[in-house]
Q: 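The structure follows.
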Amino acid sequence: TLLGNSTYSIIIKSSNADSTNILIQNFYQLGNGTYTIGSVSGNTINIASQVVDKVTISGSGNLSNGKINFTFSANDGGQIDQVTAVCTKK
């Protein structure tokens, strides 16, 4: 990734607007006031292309063995960061 390895917290919660969606707070470390929307089907999370705090995010994740493995791109208009992230529950 462009930013190198990093560790930070995200918060995942269900969406009140759509029961198949989740809201991921602070995804790609864009800030606690930012939310990325993911659509859940079984153990898969799809992140459709969306702009979050001037960064276009798209990708997917998979829940396996208590961890969510995300693969996504983040495009700030200048560079595209290809990211692999592993999320564990605190």
Side-chain angles (χ1 to χ4, degrees):
T1 70
L2 295 173
L3 301 176
N5 291 333
S6 61
T7 301
Y8 59 93
S9 295
I10 63 170
I11 296 173
I12 299 175
K13 60 184 180 178
S14 60
S15 168
N16 292 333
D18 185 337
S19 63
T20 63
N21 285 351
I22 58 171
L23 303 175
I24 309 169
Q25 183 177 345
N26 195 36
F27 197 68
Y28 192 60
Q29 207 167 0
L30 292 175
N32 287 328
T34 63
Y35 293 90
T36 302
I37 299 169
S39 175
V40 178
S41 177
N43 289 337
T44 302
I45 301 168
N46 181 53
I47 300 172
S49 183
Q50 60 197 278
V51 177
V52 181
D53 197 34
K54 301 179 185 175
V55 177
T56 302
I57 303 282
S58 65
S60 63
N62 186 49
L63 175 63
S64 178
N65 298 319
K67 297 179 182 179
I68 302 174
N69 297 289
F70 283 107
T71 302
F72 65 96
S73 63
N75 183 349
D76 65 3
Q79 294 181 310
I80 300 174
D81 196 3
Q82 300 295 336
V83 182
T84 301
V86 178
C87 300
T88 58
K89 189 174 181 178
K90 280 188 171 182

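Note that these values count all heavy atoms, side chains included, but never hydrogens, waters or copies made by symmetry.
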Q: Nearest 0.5 Å, please: how far is CG in N16 from OG in S14?
A: 6.0 Å
Q: For F72 together with F27, are the ring centres under 6.0 Å from each other?
A: yes
Q: Tell me, please, which residues at least two apart from S58 pass side-chain hydrogen bond (donor to acceptor under 3.5 Å, both in side chains).
A: S73
Q: Given Q29 and S6, is the side-chain contact (heavy atoms from CB on, under 4.5 Å) satisfied, shown in steps?
A: CA-CA 9 Å; Q29 207 167 0; S6 61; 4.0 Å; yes
Q: What are the two closest non-hydrogen atoms of A74 and I57, and how far apart are they?
A: CB-CD1, 3.8 Å
Q: Under 4.5 Å between side-chain heavy atoms, hopping through other hydrophobics if needed: is there a path connecting I24 to V86?
A: no
Q: After noting the C-alpha distance and the side-chain angles of I47 and F70, does the key distance pass the side-chain contact (heavy atoms from CB on, under 4.5 Å) rule?
A: CA-CA 10 Å; I47 300 172; F70 283 107; 3.8 Å; yes
Q: Are V83 and L63 connected, step by step, through hydrophobic side chains (Ile, Leu, Val, Met, Phe, Trp, Tyr) whose heavy atoms are closer than 4.5 Å?
A: yes
Q: N65 side chain to K67 main-chain N or O, any donor-acceptor pair under 3.5 Å?
A: no
Q: Hydrophobic clustering (ILVMFWY, side-chain heavy atoms < 4.5 Å, transitive) - are I37 and I12 grouped together?
A: no
Q: Taking all atoms of both residues into account, what is the closest heavy-atom pair of I10 and C87, and its distance?
A: CD1-SG, 3.8 Å
Q: Y28 and D81: side-chain donor and acceptor closer than 3.5 Å?
A: yes
Q: Going hydrophobic residue to hydrophobic residue with side-chain gaps under 4.5 angstrom, can you get from I22 over to I68?
A: yes
Q: Does a side-chain heavy-atom distance below 4.5 Å link Q25 with N32?
A: yes
Q: Before you tell me yes or no, could you show the steps for L30 and V55 under side-chain contact (heavy atoms from CB on, under 4.5 Å), namely the whole-Å CA-CA distance, both residues' side-chain angles and the distance that decides it to 0.1 Å?
A: CA-CA 9 Å; L30 292 175; V55 177; 3.9 Å; yes
Q: Determine whether T84 and N69 satisfy the following criterion, side-chain contact (heavy atoms from CB on, under 4.5 Å), listing intermediate values before the conclusion.
A: CA-CA 7 Å; T84 301; N69 297 289; over 6 Å; no
Q: For D53, check side-chain hydrogen bond (donor to acceptor under 3.5 Å, both in side chains) against everything at least two apart and list the hits.
A: none
Q: Taking side chain as C-beta onward, heavy atoms only, is V40 less than 4.5 Å from T20?
A: no
Q: Regarding S64 and N62, do their side chains bring together a donor and an acceptor under 3.5 Å, going by distance alone?
A: no
Q: Would a distance-only check, ignoring hydrogens and angles, find a side-chain to backbone donor-acceptor pair under 3.5 Å from Q50 to T56?
A: no
Q: Quick check against the 3.5 Å criterion: does N26 have a side-chain atom that pairs as donor or acceptor with the backbone of S9?
A: yes
